[in-house]
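Notes for the one structure printed next.
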Amino acid sequence: MRRSRYFLPTLKETPAEAEILSHRYMLRAGMVRQASAGIYSWLPLGLRVLKKIEQIVREEQDRSGAQEVLMPTVQSADLWRKSGRYDDYGKEMLRIADRHERDMLYGPTNEELITDIFASSVKSYRDLPKNLYHIQWKFRDEVRPRFGIMRCREFLMKDAYSFDLDLEGSRIAYEKMFIAYLRTYARIGLKAIPMKADTGPIGGNLSHEFIILAETGESEVYCDRELLDHDVLGEDIDYEDATSVRAVVERHTSCYARTDEKHEQAIYEAEVPEDRRYEGRGIEVGHIFYFGTKYSDPLGALVVTPEGENVAVHMGSYGIGVSRLVGGIVEASHDDKGIIWPDAVAPFAVGLINIRPNDTASTALADSLYTQLQTAGVEVLYDERDESPGAKFAEMDLIGLPWQLVVGPRGVKAGTVELKRRASGEREDLSPKAALVRLTG
Ligand code: ATP
Ligand code: MG
């Protein structure tokens with residue numbers, strides 16, 4: 001993409017309304033634009049990141065055996081009346097009436113709808129287990145939308161729903177999702193801590209929130225430092241083998257972690273030696289939990305057991321805040337010049353800068369590098385505008401592409417280009433050919 005043609009409305013001034021860094025950087029880098037309170041439009045640069053995250057989430061859900069569907073954003077109130085949540089959900093639900101005065105709503109979540117889909121087509125234990133997910137926009141009329149896309153009213157969520165014959169089946173589904181979550185965050189380049197969460201009236205221990213560490217986060221984190229060193233991508237995982245899945249989950253829950261619930265304080269102090277305690281803040285980017293027959297009972301999701309009995313299926317639900325993750329990554333990965341995108345989710349891999357577009361030799365070399373990178377399938381943003389080098393460097397640092405490739409007259413004479421790694425600031429002069437090998441290899 002040529003920078004001169006790209007829609008990248010960056011801002012020089014820091015927007016006054018933005019309270020936290022990720023919001024400021026995302027506005028300044030032209031990634032999103034507020035449409036109204038807690039509702040955002042995604043501009044080309046931001047949308048690229050959102051799509052990359054979405055794709056990693058999708059691949060890890062698929063790998064674990066979940067299947068993608070797509071449910072609508074607008075739902076009828078009928079099913080929500082059956083589950084009792086039409087009244088319980090309160091003001092966070094956006095209620096709409098259609099032209100026939102029928103009660104509709106913009107979905108804040110999808111338990112009712114997926115349970116209804118399941119109930120109308122699955123009748124036997126033989127069709128279990130199933131795990132269905134979608135990646136769809138949600139609306140929650142939050143009391144105080146804030147922090148840009150981190151706590152907004154319209155946001156993109158991945159939500160999965162598991163269906164099993166009994167608690168033991170649900171536990172296996174839960175543990176697969178647990179691992180899929182750890183893998184997802186690790187691939188994105190984030191360290192996520194699985195924290196025991198409140199299960200409410202259902203009880204048991206099948207509820208975890210996944211928190212990424214960031215000082216500006218809304219959640220308090222107390223955990224064993226050892227948890228920070230666990231690496232799930234290095235582990236061999238066979239989703240078909242429940243025993244090996246459980247072993248991995250146990251390794252990642254062997255170290256104690258808790259949120260700020262008071263009753264957990266004593267356990268934390270007893271289990272974690274003082275010198276291993278990590279206490280900080282973080283952002284909730286996912287939540288998984290088991291809720292048994294809470295929706296299958298009222299919505300009639302029954303299956304026949306091998307013994308010929310009709311029973312309500314056991315369910316769990318598993319959410320990831322896909323759009324919140326974009327802000328979470330910026331909170332976790334930046335410096336005072338701007339964003340530092342992890343490679344896996346960067347909007348472009350390379351920012352190619354021609355510092356002297358009116359120099360024929362520089363432009364010939366930069367053009368040729370641009371073509372060669374594109375041919376090799378590397379995503380590149382090519383800044384060929386007639387702007388000051390300082391302005392171009394500042395913008396590249398702000399938008400945070402992992403590599404900057406700089407072409408200028410002095411280098412052209414010496415037969416070199418400069419390759420800079422955004423994260424470390426490390427620069428290296430090398431031949432154009434060597435640079436290409438580095439970026440395409
Ligand atoms: P929170 O405590 O932050 O309000 P929640 O418990 O209401 O979250 P869930 O219903 O578990 O959230 O939703 C799953 C995920 O969706 C959350 O872990 C979070 O990452 C994301 N999410 C929830 N609410 C919002 C929001 N208002 N804006 C952006 N993302 C959100
Ligand atoms: Mg909430």
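Order of appearance sets the numbers: ligands from 1, and atoms from 1 within every ligand. Here, residue 1 is the first one in the sequence, and each next residue gets the next number.
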Shortest reach to atom 24 (N) of ligand 1 by a heavy atom, considering only F210, Y318, F139, F155 | F155
Would you check if the distance from the ring center of F210 to the ring center of Y318 is below 6.0 Å?
->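 Ring-ring flag for F210/Y318: false, centres at least 6.0 Å apart.
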Using the ring pair (Phe, Tyr, Trp, His ring centres under 6.0 Å) rule, collect all pairs that involve residues 109-129, keeping only residues at least two apart or in two chains.
-> F118-F163
Among residues two or more places apart or on two chains, list those pairs meeting ring pair (Phe, Tyr, Trp, His ring centres under 6.0 Å) that have a residue in residues 320-346.
->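 Found none.
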Tell me whether the rings of [X] and [Y] are parallel (<30°), tilted (30 to 60°) or perpendicular (>60°).
X	Y	answer
Y106	F139	tilted
Y174	F178	tilted
W42	W137	tilted

For ligand 1, is M150 a contact, meaning one of its heavy atoms is under 4.0 Å away?
->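 The answer is yes, since M150 has a heavy atom less than 4.0 Å from ligand 1.
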Relative to the heavy atoms of [X], which atoms of ligand 1 are at a distance of less than 4.0 Å?
X	result
E142	24 (N), 26 (C), 27 (N)
G286	18 (O)
V285	18 (O), 20 (O)

Ligand 1 to C152 polar contact by distance, N or O atoms, under 3.5 Å |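 So ligand 1 has an N or O lying under 3.5 Å from an N or O of C152.
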Going by distance only, is there an N or O of R140 that falls short of 3.5 Å from an N or O of ligand 1?
->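 Yes - when backbone and side-chain N and O of R140 are compared with those of ligand 1, one distance drops under 3.5 Å.
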Where's the contact between R151 and ligand 1, heavy-atom distance under 4.0 Å: side chain, backbone, both or neither?
-> both
